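Accompanying notes for the structure given below.
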Amino acid sequence: MMFQTKRLLPTLFITFLAVAILGCSPTGFDAWPEQAETFPWVYTPDPDRPVFVDGRWETEDWGFDDATRSAYYLEKLLSYYTTTSPDVSQHFSTVQADLPALGEGVVISFVGDILPISDNHANFADAVIDVVNADYRVANLETPTSPDHPVQNSGAPPRFNAPVEMLDGLPFDLLQLNNNHSYDVGDDAISATKREALNRGMETTGLNEHALVTVKESKIGFLSYAWGLNGREDVSTHDLFIIPFGHIGEDIDLSSMEAHITAMRERGAEYIVLLVHWGFEYEYYPEPHFMQLARRMVAMGADVIVGQGPHVVQPAEICWVNYPDQVPGVGTCSIQTADGRARRAAVFYSLGNFTADLKSRPEFETGIVAKVSLSAGEVTGMGWTPTSVRYEPVRVLPTDEYLDEEDLAQESERLDGHLGSGWRLP
């Protein structure tokens with residue numbers, strides 16, 4: 001008996017020491033650094049940032065009477081901002097491996113900006129109907145389509161009004177109506193666009209109200225917001241749910257969005273999808289400013305964030321909510337919330353263009369159809385498929401079916417590296 005006790009003493013001492021060490025060391029959420037000390041709040045600036053990046057229209061701190069900033073904007077339109085902070089680049093390269101492929105549950109598809117086109121209005125999307133197909137299909141209509149106003153596509157910045165026949169060619173269930181072009185031909189045109197969309201059996205969001213829809217017995221709230229209006233003096237009588245996302249360096253007030261999310265949950269929404277018209281045009285990556293906003297939105301209860309506006313495709317990420325082993329920082333979007341419910345949320349920073357009528361760079365003419373699957377209160381998977389615009393007549397085509405065209409093949413390959421091919425859909 002004495003022999004056994006002596007043998008146990010070293011073991012007990014080691015166990016006591018281990019417990020003491022672990023008890024003094026932070027574990028779980030206690031091991032997380034302060035948010036203000038983590039990426040994307042802290043990051044290394046882009047050493048190759050070109051000066052023309054200062055031509056960001058969405059900051060709303062300059063007008064086209066500013067010759068220098070206007071010249072920057074034009075150069076940016078021609079050259080694109082293709083680099084970023086090395087931390088942002090590393091982050092998205094790392095998160096690609098964690099993006100779950102499309103899974104079980106309700107599947108929703110999204111496309112980016114629907115810009116005016118010059119012809120083939122009723123049939124321009126016929127070739128991609130199967131690509132867009134899902135349990136529910138959502139798009140951003142970045143032009144009025146008022147039959148009561150002249151067709152328009154001119155100016156600096158341009159003011160749009162597409163032929164109402166364009167609505168006949170849209171294979172979607174829900175249209176976002178609030179963006180920087182909503183007021184291009186005035187309040188009456190906004191109302192007319194909504195009326196014409198409803199007459200064609202589509203639902204809308206972003207004009208005076210958000211949408212709550214039922215898809216396969218799941219209630220999903222679609223809340224949409226815009227960074228502002230192109231006309232600096234334009235003031236709509238409608239509520240377009242404007243939040244100045246582009247005011248970089250400011251503490252953006254998201255309290256109205258939080259209230260809307262709460263109200264939508266009280267109406268019975270099982271999932272919250274935020275459609276945000278934000279970002280900076282012609283930039284390959286989101287500024288860390290928008291990554292900070294996305295984390296705040298997920299913390300408020302967003303399950304899916306879908307961005308449009310930059311006119312080029314930007315990377316996506318999955319956010320882990322209430323997973324203590326997922327420490328926030330470069331390579332991880334991780335958030336702790338008061339409710340303690342573990343879930344995964346998806347963030348698509350920009351889907352690029354669905355339509356275009358400007359023979360330009362392939363990045364401008366190619367966007368993605370993004371899909372998410374939702375089940376058991378969280379995102380179960382994500383997927384993407386590229387589509388491209390061709391002309392004479394204007395039509396949107398599945399990029400993968402036209403890889404014999406060198407520019408499309410190169411853009412398809414670039415997107416594989418930019419987004420990650422592991423969650424790409426066939």
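In this chain, residues are counted from 1 in sequence order. Just so we're clear, the structure is a prediction, and the values are computed from it rather than from any experiment.
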Please confirm whether the backbone N or O of Gly329 pairs with a side-chain atom of Thr332, one donor and one acceptor, at under 3.5 Å?
no
Heavy-atom closest contact (Tyr323 atom, Ser334 atom, distance):
O-OG, 3.8 Å
What I want to check is whether the side chains of Asn123 and Asp126 have a donor and an acceptor closer together than 3.5 Å.
yes
Assess, by modelled atom type and distance only, whether the side chains of Thr399 and Ser388 contain a donor and an acceptor separated by less than 3.5 Å.
yes
Would Arg195 and Asp188 pass as an ion pair if we require N to O under 4.0 Å?
no
Determine the minimum heavy-atom distance between Pro315 and Tyr349, stating which atoms define it.
O-CD1, 3.3 Å
Side-chain donor-acceptor contact under 3.5 Å, Asp184 with Asn230:
no
Those residues at least two apart in sequence (or on a different chain) that pass side chain to side chain donor-acceptor pair (under 3.5 Å) with Tyr284 are Glu363
Between Asp46 and Ser85, is any side-chain donor less than 3.5 angstrom from a side-chain acceptor?
no
Quiz question: by atom type and distance under 3.5 Å, do the side chains of Glu281 and Tyr73 form a donor-acceptor pair?
yes
In this structure, OG of Ser412 is separated from CD of Glu405 (nearest 0.5 Å) by 12.5 Å
Are side-chain heavy atoms of Ile252 and Ile243 found at a separation under 4.5 Å?
yes
If you take all heavy atoms of Leu212 and Ala269, which pair is closest and at what distance?
CD1-CB, 3.8 Å
Would you please say whether a donor-acceptor pair under 3.5 Å links the side chains of Ser236 and Asp187?
yes
Mind checking the CD1-CZ spacing from Ile129 to Phe172? Nearest 0.5 Å is all I need.
9.5 Å
Give a yes or no answer on whether the side chain of Arg361 reaches the backbone of Ser79 with a donor-acceptor pair at less than 3.5 Å.
yes
If only atom types and distance count, is the side chain of Gln96 paired as donor or acceptor with the main-chain N or O of Gly417 below 3.5 Å?
yes
Contacts satisfying ring-ring contact (aromatic ring centres under 6.0 Å, His included) that involve residues 105-148 (not counting sequence neighbours) are Tyr136-Phe222
With a 3.5 Å distance limit and no angle check, can you tell me whether Arg341 reaches the backbone of Gly377 through a side-chain donor-acceptor pair?
yes
Glu283 side, atom CD; Thr83 side, atom OG1 - distance, nearest 0.5 Å
9.5 Å
CD/Glu250: more than 12 non-hydrogen atoms of other groups inside 6.0 Å
yes
Assess whether side chain to side chain contact (heavy atoms under 4.5 Å, CB included) is satisfied between Leu115 and Phe160, documenting all intermediate values.
CA-CA 8 Å; Leu115 301 172; Phe160 298 152; 4.0 Å; yes
Short side-chain donor-acceptor distance under 3.5 Å, Asn208 and Asp239:
no
Between Gln176 and Gln308, does any side-chain donor sit less than 3.5 Å from a side-chain acceptor?
yes
Answer yes when Asp234 and Arg159 have at least one side-chain N-carboxylate O distance shorter than 4.0 Å, and no when they do not.
yes
Contact between Thr380 and Leu374 at the side-chain level, heavy atoms closer than 4.5 Å - yes or no?
no
With a 4.5 Å cut-off on side-chain heavy atoms, are Met300 and Leu274 touching?
no
So do the side chains of Ile108 and Val138 get within less than 4.5 Å of each other, counting heavy atoms only?
yes
Within 45° of the six-membered ring axis of Trp278 and under 6.0 Å from that ring's centre, is NZ or CZ of Arg56 located there?
no
Have Glu365 and Tyr391 got a donor and an acceptor in their side chains that come within less than 3.5 Å?
yes
Do Trp62 and Trp57 have side-chain heavy atoms sitting under 4.5 Å apart?
yes
Side chain of Ser373, backbone of Gly103: donor and acceptor closer than 3.5 Å?
yes
Can you confirm whether the side chains of His149 and Asn161 place a donor and an acceptor under 3.5 Å from each other?
no
Is the shortest distance from a Lys or Arg side-chain nitrogen in Arg390 or Asp407 to a carboxylate oxygen in the other one below 4.0 Å?
yes
Arg295 side chain vs Cys319 backbone, donor-acceptor pair below 3.5 Å:
no
Check: Thr205 side chain, Leu223 main-chain N or O, donor-acceptor pair, under 3.5 Å
no
Go through the steps for Val51 and Tyr72 under the test side chain to side chain contact (heavy atoms under 4.5 Å, CB included), then give the verdict.
CA-CA 7 Å; Val51 68; Tyr72 287 159; 3.4 Å; yes
So, for Phe241 and His260, is the gap between ring centers shorter than 6.0 Å?
yes
Is there side-chain contact between Asn322 and Thr337, with at least one heavy-atom pair below 4.5 Å?
yes
So, for Tyr43 and His289, is the gap between ring centers shorter than 6.0 Å?
no
Electrostatic pair Arg265-Asp303, nearest N-O below 4.0 angstrom:
yes
Under 3.5 Å: donor-acceptor pair, side chain of Asn180, backbone of Leu229:
no
Any carboxylate oxygen within less than 4.0 angstrom of a Lys/Arg side-chain nitrogen, looking at Asp400 and Arg424?
yes
Are any non-hydrogen side-chain atoms of Val313 and Ser350 less than 4.5 angstrom apart?
no
Taking the side chain as C-beta and beyond, is there a heavy-atom pair between Ser375 and Ser218 under 4.5 Å?
no
Answer yes if the side chains of His418 and Gln314 hold a donor-acceptor pair under 3.5 Å, and no otherwise.
no
Minimum heavy-atom distance Gly420-Trp384, with the two atoms named:
O-NE1, 3.0 Å
Verify, without hydrogens or angle tests, whether Asp66 (side chain) and Arg69 (backbone) share a donor-acceptor contact under 3.5 angstrom.
yes
Closest non-hydrogen atom pair, Ala139 against Ile114
CB-CD1, 3.6 Å
Rounded distance [0.5 Å steps], NZ in Lys194 versus CE in Met202:
13.5 Å
Starting at NE2 of His277, measure out to CG of Leu177 and round the result to the nearest 0.5 Å.
12.5 Å
Exercise: do Arg395 and Thr355 side chains pair donor with acceptor under 3.5 Å:
no
Which heavy-atom pair separates Val42 from Ala36 by the least distance, and what is that distance?
CG2-O, 3.2 Å
Quick one: does Trp32's side chain have a donor or acceptor within less than 3.5 Å of a partner on Pro324's backbone?
yes
Would you kindly say whether Glu60 and His247 are connected by a side-chain donor-acceptor distance under 3.5 Å?
yes
Can Asp135 and Lys371 be counted as an ion pair, charged N to O under 4.0 angstrom?
no
So, taking the atom named CG in Asn140 and the one named OG in Ser224, what distance separates them when rounded to the nearest 0.5 Å?
8.5 Å
Please identify which of these residues, Phe280, Trp227, Tyr285, meets the ring pair (Phe, Tyr, Trp, His ring centres under 6.0 Å) condition with Phe290.
Phe280
